[in-house]
Amino acid sequence: MNDLLSTPIEYLKGVGPQRGAILRKEAGIYTFGDLLYYFPFRYVDKTSFQKISDIPQTDGFVQLKGKVVSLREVATGRIKRLEAKFEDGSGSIDLIWFKGAKWIKSKLQNLPELIVYGKPKQFGPKWNIAHPEMEAVSSAQEPAGGLQAVYHSGEKLQALGFTSRGFENIISQLLPQLKNQIDETLPPYIIGDLNLLSKEKALLEIHAPQNNELAKRAQFRLKFEELFFLQMELLMRKQITQKKLKGIKLTRVGEFFNDFYTNHLPYQLTGAQKKVIKEIRTDISSGMHMNRLLQGDVGSGKTLVALMVMLIAVDNGYQACIMAPTEILATQHYNTICEFLKNMNLKVELLTGSTKQSKRKILHEQLKSGEINILCGTHALLEKVVEYKDLGIAIIDEQHRFGVAQRSRLWTKNDLPPHVLVMTATPIPRTLALTFYGDLDISVIDEMPPGRKAIQTWHKTESSRLKIFQFLENEIEKGRQVYIVYPLIQESEKMDYQNLMDGYESITRRFPIPKYRVSIVHGQLKPEVKEYEMQQFVKGITNIMVATTVIEVGVNVPNASVMVIESAERFGLSQLHQLRGRVGRGADQSYCILMTGYKLGQDAKARLETMCETNDGFKIAEVDLRLRGPGDIMGTQQSGLLNLRLSDLSRDAQIVQLARDKARDLIERDPKFELKEHQNIANELRKILKSKPNWSRIS
Ligand code: ADP
Ligand code: MG
């Protein structure tokens with residue numbers, strides 16, 4: 001059957017060399033197999049139509065059957081459009097084209113009755129559909145079951161007859177040849193368990209479904225297949241990396257860990273913290289290399305987990321480092337860790353871009369000699385000159401800001417690679433985590449330290465400004481502190497700075513010295529000044545911190561109880577959530593106030609509503625995924641690695657999970673694919689692994 005599927009497309013009946021060339025160029029269809037996998041993106045149900053009179057009650061796309069009764073060309077200013085009045089007996093609607101008027105006119109002339117598909121929009125009392133899909137009723141041979149596949153096409157494809165219908169025609173040439181030609185790739189027990197269609201049946205039904213249910217089952221089978229092999233691939237890669245990569249064995253839980261745990265830990269660990277420390281301990285004592293992602297919402301106490309894990313490394317005679325994306329954060333880690341360890345005999349140091357040359361030299365030497373136990377810092381830790389005596393574990397905080405290349409540099413620091421723990425406060429929806437980090441282990445801190453009150457979030461506009469100032473005054477009166485954050489987007493940097501400075505001025509006018517103190521922090525300040533201002537706020541000397549998003553990540557001031565976000569509509573959801581996470585860190589009731597303009601787009605509204613509704617980072621991440629799509633969240637570079645034809649990571653979460661579970665079961669049962677029923681899978685995987693570069697080594 002491989003022969004058949006790899007046959008060049010021009011040999012298919014009805015294609016030929018010229019049309020074959022356009023299929024290759026415009027649709028990437030080189031072979032019969034490519035055409036078979038050119039799936040329809042939706043179906044038209046030829047048996048069900050809406051009435052024009054019902055349009056105001058519909059939502060989204062409609063399919064109408066009727067006649068064009070008049071045609072005219074209209075010009076508004078320089079924009080011309082073609083307008084067709086379309087009636088179906090229940091009412092009329094305008095069909096509109098801004099392009100291709102000539103072609104549409106000639107097409108409409110010969111159509112007595114037609115089917116129109118599109119999304120109606122309202123303009124005043126009238127409705128119209130712009131650039132609808134159209135088809136003659138007479139030419140539509142009713143597909144069996146009434147469902148017609150619709151394929152993507154384009155101008156150049158259409159010019160050679162590859163309209164959606166044109167694709168349907170050539171596919172109908174191909175399908176009958178496939179009977180008994182498509183090998184099954186999944187073992188019978190999976191097909192049975194999930195009640196899947198056979199691969200052949202699914203490929204036939206997805207193009208020409210007999211009914212709705214079969215269309216759905218065909219899609220399900222093929223999506224499952226796609227995601228299953230993706231998960232198999234990720235798990236295999238993980239196996240391969242682990243086999244190849246022996247890790248440093250950190251078996252001792254000794255003096256430092258125990259001393260800290262019994263004598264210096266200021267509070268009880270949460271259950272979730274205990275759980276992940278245990279997971280990590282199991283990993284790093286196994287003799288395998290650990291590559292683990294630790295997810296925990298802002299404020300869930302990741303720093304403490306990091307510290308305790310570093311103590312295990314020290315207990316075993318190794319060094320540990322923790323790396324943060326900004327100087328402020330690195331410094332804060334350093335201070336936190338020093339505070340935790342102040343009564344213990346350990347050497348903790350800080351290395352950042354602004355560490356003085358003379359100090360640096362000393363640090364480098366002390367690192368090499370092993371004198372330093374724990375090193376905190378920024379990217380500076382990755383520089384070539386930084387050498388350790390024995391680095392046992394590297395912890396990376398807020399992994400989103402580090403590139404893959406930077407992380408991979410840590411590998412060069414040792415003979416045996418240090419264990420890597422990547423910590424992120426940006427909850428990644430499980431679907432994405434399983435897909436993008438499928439070859440990492442994942443730990444989740446899903447519980448907050450006790451005594452936290454849920455942050456109250458409000459959405460406000462300019463008209464409430466005075467009331468909000470009053471509210472801030474009251475909070476400051478109670479001894480609390482306030483953040484006010486302004487957006488700073490590169491493209492509009494100048495204006496943004498202007499807004500920030502204007503805001504700062506009006507705040508200092510409303511909260512004047514000497515009664516109040518206001519700090520300001522932004523990217524154009526010198527690091528020393530920034531640091532000074534931050535420290536003033538951390539120490540509680542300033543009441544209000546006016547800032548750009550430099551404070552987004554990590555900063556910990558438990559006494560701050562209000563976060564005001566200006567122009568909140570300009571921030572993404574995960575960024576808003578991160579910012580909000582700066583408050584609510586103490587025992588007091590905290591508030592987040594989202595200030596916006598009056599006019600908001602749909603997505604902005606959805607973001608603000610989500611923020612007001614929930615504090616749950618994972619829920620927010622799910623919404624974010626729906627609004628933005630996986631590419632934007634993970635970075636297009638990484639999403640390009642996943643060529644998913646059918647599945648949509650934001651909608652098919654359940655199938656991802658199912659695929660993951662089945663893939664894991666299979667590998668556990670038959671890790672070397674020795675069972676006969678797994679031979680197909682082994683073959684398929686060999687193909688996949690061969691065809692892709694090794695991109696999975698993210699740390
Ligand atoms: P994040 O996960 O955002 O990095 P942090 O590690 O900064 O969170 O912790 C947030 C705050 O919670 C800190 O003030 C920290 O001291 C405190 N904290 C951490 N663990 C606990 C615990 N088990 N009980 C009480 N407070 C805790
Ligand atoms: Mg943190």
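Since the structure is predicted, the reported quantities are computational estimates derived from the model, not experimental observations. Note that ligands are numbered from 1 as they come in the structure, with each ligand's atoms numbered from 1 the same way.
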At a non-hydrogen distance cut-off of under 4.0 Å, which region of [X] contacts ligand 1 (side chain, backbone, both, or neither)?
| X | answer |
| --- | --- |
| L269 | backbone |
| M423 | neither |
| T336 | neither |

Short N or O distance, P449 and ligand 1, threshold 3.5 Å exclusive: no

Close N or O approach (F340, ligand 1; < 3.5 Å): no

Set of side chain to side chain donor-acceptor pair (under 3.5 Å) partners for D283, sequence neighbours left out: R292

side-chain contact (heavy atoms from CB on, under 4.5 Å) against K356, all qualifying residues, sequence neighbours excluded: S358, K359

Closest to atom 11 (C) of ligand 1 among R585, R582, R452, K274 (heavy-atom distance): R452

Atoms in ligand 1 with a heavy atom of T303 nearer than 4.0 Å: 4 (O), 5 (P), 6 (O), 7 (O)

Residue D297 vicinity, atoms of ligand 1 by number, heavy atom under 4.0 Å: 2 (O)

Distance, nearest 0.5 Å, that separates CZ of F256 from CE of M310: 13.5 Å

Is the shortest distance from a heavy atom of [X] to ligand 1 less than 4.0 Å?
| X | value |
| --- | --- |
| S300 | yes |
| V305 | no |
| G299 | yes |

Y388 ring center near Y318 ring center (under 6.0 Å): no

K368 and E365 ion-paired at < 4.0 Å: no

Criterion side-chain hydrogen bond (donor to acceptor under 3.5 Å, both in side chains) against S561, the qualifying member of K478, R480, E475: E475

Donor-acceptor pair between Q536 and T542 side chains, under 3.5 angstrom: no

